There are 2 protein chains.
Amino acid sequence: MFMTEMPSNISEAEQRFQWIYQTLRSRIILLDYQPGTRLSEEQLADEFKVSRTPIRRVLNRLEVEGLLEIRHGAGNFVTELSMPELLEVFELRMELVRLIDVLAPRAASANLIQRLQNLQMACLSITKHPKPKRRFAEVNVEVFLSFMDLVGNQPLRAVQEQLFYRTARMWPYLLDEKNVGYEAELLHAEISEALRLLANNDYPSFGHLYRCHLAMACQRLATMQTTGV
Amino acid sequence: MFMTEMPSNISEAEQRFQWIYQTLRSRIILLDYQPGTRLSEEQLADEFKVSRTPIRRVLNRLEVEGLLEIRHGAGNFVTELSMPELLEVFELRMELVRLIDVLAPRAASANLIQRLQNLQMACLSITKHPKPKRRFAEVNVEVFLSFMDLVGNQPLRAVQEQLFYRTARMWPYLLDEKNVGYEAELLHAEISEALRLLANNDYPSFGHLYRCHLAMACQRLATMQTTGV
DNA sequence: ATTAATATATTTGTATACAACTTGAGTTTA
DNA sequence: TAAACTCAAGTTGTATACAAATATATTAAT
């Protein structure tokens with residue numbers, strides 16, 4: 001469930017926090033919690049077998065990251081997708097990908113290549129999945145996180161991840177059920193191209209490729225907007 | 001104390017949070033709390049006349065932003081300035097300023113011009129201040145926040161602010177007492193140049209100017225490193 | 001019937017007691 | 001003497017009762 005590797009040196013409390021945090025975040029960006037859903041602290045406390053206190057720490061973090069709106073006395077609500085905000089974030093992300101080859105790009109490890117190849121395979125079976133849209137979103141997240149391996153500048157990686165999680169919901173939200181197959185093929189092709197470019201250490205072209213990917217997503221947003229969401 | 005303007009529609013709890021948060025943050029970046037200082041939750045709770053609960057929310061936020069390290073059973077410690085980390089952040093910031101004129105730059109308002117002129121005046125009296133280094137850092141923060149008015153892309157502004165607060169401490173930390181006057185004059189000159197460029201809506205040059213400012217800061221870091229900190 | 005006011009229930013925010021953990025001084029032991 | 005152990009004091013993490021705020025249902029007035 002997109003669990004980021006953590007140093008083994010962290011406390012049990014921190015592990016528990018990370019577990020709950022990453023679980024809730026993935027539920028939000030995969031639309032297990034639809035926008036507008038109210039997350040009850042008491043229910044979550046029951047589910048994770050803890051008190052409200054550690055739950056509230058997680059919810060506060062999700063609020064800072066723009067995925068949750070906490071309203072005193074009313075509830076904790078999953079934020080709606082705001083078209084202007086999404087476009088702003090995409091605009092920024094399109095500029096940031098350029099920096100991958102400017103700021104300390106890291107060579108593609110054998111591990112990364114392997115992961116990307118596995119994800120390519122995963123692309124082919126997305127349509128056969130019981131929940132294709134959700135599965136596509138899931139693979140999309142994994143692909144993004146894999147690509148982040150190339151970013152050597154740590155603050156840049158942190159920023160890109162945060163921005164990504166703010167837009168990740170658009171895929172399962174806007175994608176039409178009958179287009180998932182097409183999108184999956186497209187993602188497969190993009191990974192192919194990325195693998196080719198990374199084999200040549202051609203980071204500028206890789207940045208360009210990713211930029212095109214984001215531009216298309218952006219365009220998709222604009223057309224979806226006119227058709228009404 | 002660098003209080004960002006807030007919508008008037010926020011709850012009393014949120015106002016209290018912002019007050020404590022911004023107060024502690026400014027104490028850290030102005031070195032009222034030196035790196036390594038332990039912040040006792042109980043003491044802070046006493047000072048702000050609240051219980052530990054709201055204090056802990058603030059401390060958690062400061063930890064996420066890299067200004068604090070929370071250690072269970074040990075204490076909450078102001079983070080040390082890490083040279084490699086600072087350099088990474090500066091590298092990134094140097095690229096991000098370029099985006100000011102790419103992503104929806106906003107025209108300089110009369111208000112902004114006025115603020116910058118006031119800050120120029122402030123530069124001239126920094127050396128006469130009882131704590132010149134602290135005063136320089138204070139003015140430097142205000143200048144930065146003023147410049148951020150030009151950034152139309154909201155996520156970009158948020159990112160730049162966060163990165164700024166991660167590096168802001170270097171000024172009062174590394175600056176030599178006898179160099180404050182020189183630095184203040186430099187800042188004064190930079191504001192002059194910025195005002196000139198903004199009057200012509202020359203955002204590319206403004207970006208270049210700010211980039212040079214960051215590059216110099218970066219260089220300063222490198223030399224300080226060799227002389228030992 | 002509609003609307004405004006009120007009361008009640010529900011939910012998040014805060015205060016506080018206690019648990020888990022760290023630290024350092026003091027003691028013991030090799 | 002030095003290293004390992006023990007324990008006590010102090011700090012953050014958690015659970016929980018209560019306060020503050022909100023939403024909903026009820027009632028009364030028009």
Side-chain angles (χ1 to χ4, degrees), chain A residues 6-25 27-28 33-80, chain B residues 6-25 27-28 33-80:
Chain A
M6 284 289 144
S8 59
N9 203 12
I10 63 178
S11 69
E12 197 174 333
E14 185 61 17
Q15 282 185 347
R16 188 164 40 226
F17 170 82
Q18 287 293 338
W19 161 248
I20 301 174
Y21 165 65
Q22 299 190 30
T23 301
L24 293 188
R25 184 179 62 182
R27 286 181 187 173
I28 291 174
Y33 297 141
Q34 295 270 334
T37 304
R38 185 170 72 76
L39 302 188
S40 159
E41 295 180 1
E42 202 169 357
Q43 279 181 25
L44 292 173
D46 282 350
E47 177 184 347
F48 291 99
K49 311 291 185 199
V50 293
S51 78
R52 281 175 53 211
T53 307
I55 296 292
R56 284 173 59 72
R57 186 173 154 218
V58 170
L59 298 183
N60 272 302
R61 174 83 170 265
L62 291 170
E63 185 189 35
V64 170
E65 293 172 356
L67 298 181
L68 205 64
E69 184 187 349
I70 300 175
R71 293 215 301 269
H72 183 187
N76 310 300
F77 299 90
V78 176
T79 52
E80 301 287 337
Chain B
M6 284 287 144
S8 58
N9 203 12
I10 63 179
S11 69
E12 196 173 332
E14 184 60 18
Q15 281 185 346
R16 187 164 39 227
F17 169 83
Q18 287 294 337
W19 163 248
I20 300 174
Y21 165 65
Q22 300 190 29
T23 301
L24 293 188
R25 186 180 59 184
R27 286 181 187 173
I28 292 174
Y33 296 143
Q34 295 269 334
T37 305
R38 186 171 70 76
L39 302 188
S40 158
E41 296 180 0
E42 203 169 355
Q43 278 182 25
L44 292 173
D46 282 349
E47 176 184 347
F48 290 100
K49 311 293 185 197
V50 293
S51 78
R52 282 176 52 212
T53 309
I55 296 291
R56 285 174 56 73
R57 189 174 152 215
V58 169
L59 299 182
N60 271 302
R61 175 83 169 265
L62 290 170
E63 186 190 36
V64 170
E65 293 171 357
L67 299 180
L68 205 64
E69 184 187 350
I70 300 176
R71 294 214 302 270
H72 184 187
N76 309 302
F77 299 90
V78 176
T79 52
E80 301 288 338

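All values derive from a computational prediction rather than experimental measurement. Residue numbers start from 1 in every chain, and the chains themselves are labelled A, B, ... in the order their sequence lines are given, proteins ahead of strands.
Nucleic acid contact for A:Arg38: sugar-phosphate only, since backbone atoms but no base atoms lie under 4.0 Å from a heavy atom of the residue. Heavy atoms of A:Arg16 sit under 4.0 angstrom from primed sugar atoms or phosphate atoms, though from no base atom. The residue B:Leu39 sits close only to the backbone: its heavy atoms come under 4.0 Å of sugar-phosphate atoms, none of a base. Residue B:Ile55 is classed as having no contact, given no heavy-atom separation below 4.0 Å to the nucleic acid. Counting any heavy atom pair closer than 4.0 Å across all strands shown, A:Arg56 reaches a base atom.
For B:Glu42, the CD atom counts as loosely surrounded, since its 6.0 Å shell holds 12 or fewer non-hydrogen atoms of other residues, nucleotides or ligands. Counting non-hydrogen atoms of other residues, nucleotides and ligands closer than 6.0 Å to CD of A:Gln43 gives a total of 12 or fewer.
Distance CD (A:Gln43) to C1' (C:dT10): 12 Å, rounded to an integer number of Å. Rounded to whole Å, the distance from CD on A:Glu41 to P on D:dA15 is 13 Å. Counting to the nearest Å, the C1' atom of D:dT12 and the CD atom of B:Glu69 are 13 Å from each other. Taking atom CZ on A:Arg57 and atom P on C:dT12, their separation rounds to 19 Å, with Å as the unit. Distance A:Glu42 CD to C:dG13 C1': 15 Å, rounded to the nearest Å. Atom CD of A:Gln15 is separated from atom P of C:dA20 by 17 Å (rounded to the nearest Å). Nucleotide D:dG10 holds its C1' atom 11 Å from the CZ atom of B:Phe77, rounded to whole Å. Taking atom CD of residue A:Glu63 and atom P of nucleotide C:dT12, one finds them 12 Å apart after rounding to whole Å.
Where A:Glu12 and A:His72 meet DNA chain C, the nucleotide closest to each residue was compared, and A:His72 sits on the side nearer the 5' end. In terms of position along DNA chain C, the nucleotide closest to A:Leu59 lies nearer the 5' end than the nucleotide closest to the other residue of the pair B:Ala74 and A:Leu59.
The side chain of B:Thr53 places no N or O atom within less than 4.0 Å of a non-bridging phosphate oxygen (OP1 or OP2) of C:dT14. Contact between the side-chain N/O atoms of B:Asn76 and the OP1/OP2 oxygens of D:dT12 is found at a separation under 4.0 Å.
Atom CZ of residue A:Phe77 and atom CG of residue A:Leu39 lie 9.0 Å apart, to the nearest 0.5 angstrom.
No N or O donor and acceptor, one from the side chain of A:Arg71 and one from the base of C:dG13, sit under 3.5 Å apart.
For the pair A:Glu63 and A:Ile70, the tightest heavy-atom approach, listed with the atom from each and the gap, is OE2-N, 3.5 Å. Contact between B:Gln34 and B:Val78 at its shortest, heavy atoms only, is O-CB, 3.6 Å.
When the nucleotides D:dA15, C:dG13, C:dA15 are ranked by their closest atom to the side chain of B:Ser51, C:dA15 comes out on top. Among the nucleotides C:dC18, D:dA15, D:dT16, the one closest to any side-chain atom of A:Arg52 is D:dT16.
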